[in-house]
Number of protein chains: 2
Amino acid sequence: MRIGELAERAGTTTRTLRYYESLGLLPARRTGNGYRSYDEEDLRLLQQIRTLRDFGFELEETRPFVECLRSGHPAGDSCPASLEVYRRKLAELDECIARLSAIRERVGTQLAQAERARAELEAAATAPEGAPEPRCELTPPGQ
Amino acid sequence: MRIGELAERAGTTTRTLRYYESLGLLPARRTGNGYRSYDEEDLRLLQQIRTLRDFGFELEETRPFVECLRSGHPAGDSCPASLEVYRRKLAELDECIARLSAIRERVGTQLAQAERARAELEAAATAPEGAPEPRCELTPPGQ
DNA sequence: TCTGGCCTTGACGTCAGGGTCAAGGTCTAC
DNA sequence: GTAGACCTTGACCCTGACGTCAAGGCCAGA
């Protein structure tokens with residue numbers, strides 16, 4: 001099959017396939033007229049790449065899986081190098097989740113605190129004997 | 001103070017400060033010879049930006065905080081626009097954490113499964129009556 | 001006066017993962 | 001024989017937040 005058909009069947013674009021080829025990730029054979037030629041096996045490799053990418057793997061990280069499949073293994077993650085990538089990714093994910101959770105806590109705390117401060121400010125503003133309102137912008141010049 | 005000193009005191013670079021100025025985020029006054037001139041207030045604004053950035057806020061998202069400070073408020077998050085950014089960021093963080101957690105589960109499952117498969121394969125390989133080993137690569141031609 | 005350090009603007013590079021266009025070759029159907 | 005769909009390479013564009021380099025201005029100390 002040619003590049004357009006493969007792209008369509010895999011739900012991607014021809015540009016992407018040429019890009020993968022330029023990285024040596026998914027080389028293509030050529031027909032007599034120079035057109036790229038792919039088979040069902042290439043579709044499997046490509047699906048492996050796209051699946052991993054959807055999980056947030058970088059393209060370079062998908063390489064061991066693709067080479068594992070290409071060397072005849074039934075699954076891309078049958079090889080030690082792929083398992084190593086899985087483990088690295090798990091550690092990365094754990095660290096990232098922990099970092100984001102810590103930030104989430106801090107931002108949540110900041111928001112709650114700032115909301116309390118604002119509520120106090122507004123309460124003071126509605127009270128007739130409160131502090132002078134902060135008329136920052138758009139105060140009519142006549143007043 | 002000049003750009004080099006501000007950069008050093010804020011723990012960033014002169015390039016970064018020029019970049020912020022090009023965005024209109026942290027404009028600088030100029031001295032007679034054209035050098036940028038900053039004061040302690042600018043340092044506060046810059047610190048606000050850097051703190052938010054460390055939390056993963058994009059530069060544009062820090063703008064309400066900076067403008068809030070610049071308009072005389074005691075804290076960058078005293079203004080409604082800043083609170084709105086906080087809330088948006090919280091939602092973003094929650095979604096991101098949820099997404100990463102789901103992926104983490106799937107990758108963890110995949111890893112465990114692949115490890116089991118490999119263990120079985122190796123057990124079969126050591127057992128003399130096992131299934132034929134997958135001699136994928138480097139099988140000597142004589143054998 | 002010279003040297004070294006700071007400053008200026010402008011322009012290009014980086015990283016990933018492609019999008020988009022141009023100019024042209026190929027193939028199929030009518 | 002020609003229109004239209006497909007293919008080719010090459011080249012430039014995009015995002016974000018800067019890094020890096022070039023070529024030159026300004027200023028303080030020896």
Side-chain angles (χ1 to χ4, degrees), chain A residues 1-39 42-43 45-66 85 88-89 92 96 100 103, chain B residues 1-39 42 45-66 85 88-89 92-93 96 100 103:
Chain A
M1 99 192 76
R2 291 184 304 186
I3 192 169
E5 185 182 346
L6 178 60
E8 190 170 357
R9 288 180 63 185
T12 180
T13 67
T14 60
R15 177 70 179 89
T16 296
L17 298 187
R18 293 197 190 99
Y19 180 56
Y20 290 175
E21 183 177 28
S22 80
L23 297 179
L25 198 57
L26 192 69
R29 287 155 301 286
R30 300 295 179 125
T31 60
N33 55 18
Y35 286 11
R36 290 172 178 81
S37 169
Y38 300 92
D39 56 20
D42 291 316
L43 178 58
L45 300 184
L46 180 53
Q47 283 167 339
Q48 172 79 82
I49 296 172
R50 302 302 294 183
T51 301
L52 291 173
R53 252 199 52 76
D54 289 346
F55 283 178
F57 286 61
E58 293 176 10
L59 284 179
E60 280 311 314
E61 292 176 323
T62 72
R63 205 180 283 271
F65 294 81
V66 176
V85 174
R88 267 212 324 268
K89 206 69 192 176
E92 254 176 57
C96 192
L100 289 181
I103 288 176
Chain B
M1 95 192 81
R2 291 182 305 185
I3 194 169
E5 185 181 347
L6 178 60
E8 190 171 356
R9 287 180 62 185
T12 180
T13 67
T14 60
R15 176 69 181 91
T16 296
L17 299 187
R18 293 196 190 98
Y19 180 55
Y20 290 175
E21 184 178 28
S22 81
L23 298 179
L25 197 57
L26 190 69
R29 287 154 301 285
R30 300 296 178 126
T31 60
N33 57 18
Y35 286 11
R36 289 171 179 82
S37 169
Y38 301 92
D39 57 20
D42 291 316
L45 300 183
L46 181 51
Q47 283 167 340
Q48 173 79 81
I49 297 172
R50 301 304 294 181
T51 301
L52 291 173
R53 253 201 54 75
D54 289 347
F55 284 178
F57 286 60
E58 292 176 11
L59 284 178
E60 280 311 315
E61 292 176 323
T62 72
R63 204 181 284 271
F65 294 81
V66 175
V85 174
R88 265 213 325 269
K89 207 68 192 176
E92 255 178 55
L93 283 166
C96 191
L100 289 182
I103 288 176

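Note that the coordinates shown come from a computational prediction; the quantities given were computed from them, not determined experimentally. Letters A, B, ... are given to chains in the order of the sequence lines, protein chains preceding strands, and every chain is numbered from 1. Hydrogens, waters and symmetry mates play no part in the numbers below; they use all other heavy atoms, side chains included.
Rounded to whole Å, the distance from CG on B:Leu17 to C1' on D:dC18 is 12 Å. Atoms CZ (A:Arg18) and P (D:dC6) sit 13 Å apart, rounded to a whole Å. Atom P of nucleotide D:dA17 and atom CD of B:Glu21 are separated by 18 Å, given to the nearest angstrom. A:Leu46 has its CG atom 10 Å from the P atom of C:dG18, to the nearest Å. Put simply, OH on B:Tyr38 is 7 Å from P on C:dT8, counting in whole angstrom units. With rounding to whole Å, B:Ile49 atom CD1 is found 14 Å from D:dC18 atom C1'. Atom pair A:Leu25:CG and C:dG18:P shows a separation of 11 Å (rounding to whole Å applied). Nucleotide D:dT15 holds its P atom 12 Å from the CD atom of B:Glu60, rounded to whole Å.
Nearest to the side-chain atoms of A:Ile3 among the listed nucleotides D:dC18, C:dG17, D:dC7 stands D:dC7.
Using a 4.5 Å cut-off on side-chain heavy atoms (C-beta onward), B:Arg36 and B:Arg2 make no contact.
For the pair A:Leu23 and A:Asn33, nearest-nucleotide mapping onto DNA chain C gives the more 5' position to A:Leu23. Along DNA chain D, the nucleotide closest to B:Arg50 and the one closest to B:Tyr35 are compared, and the more 5′ of them pairs with B:Arg50.
Using a 4.0 Å cut-off between charged nitrogen and carboxylate oxygen, B:Asp42 and B:Arg9 do not count as a salt-bridge pair. Salt bridge present: A:Arg63 and A:Glu60 bring a charged side-chain N and a carboxylate O closer than 4.0 Å.
Judged by atom type and distance alone, B:Tyr19 does not reach the base of D:dG16 through any side-chain donor-acceptor pair under 3.5 Å. If you check distances only, the side chain of A:Tyr20 never reaches the base of C:dG17 with a donor-acceptor pair under 3.5 Å.
For the OP1/OP2 pair of D:dC6 and a distance below 4.0 Å, the side-chain nitrogens and oxygens of A:Arg2 include no atom meeting the criterion. Contact between the side-chain N/O atoms of A:Arg15 and the OP1/OP2 oxygens of C:dC21 is not found at any separation under 4.0 Å. Put simply, A:Arg53 has a side-chain N or O that comes within less than 4.0 Å of OP1 or OP2 on C:dG17. Note on B:Thr13: a side-chain N or O is less than 4.0 Å away from OP1 or OP2 of D:dG19. The side chain of B:Arg36 contributes an N or O atom lying less than 4.0 Å from OP1 or OP2 of C:dT8. Put simply, B:Arg30 has a side-chain N or O that comes within less than 4.0 Å of OP1 or OP2 on C:dT9. Residue B:Thr16 places at least one side-chain N or O closer than 4.0 Å to OP1 or OP2 of D:dG19.
Taking CD from A:Gln47 and OG1 from A:Thr12, the interatomic distance works out to 11.5 Å, rounded to the nearest 0.5 Å. Between A:Phe55 atom CZ and A:Arg50 atom CZ the span is 13.5 Å, to the nearest 0.5 Å.
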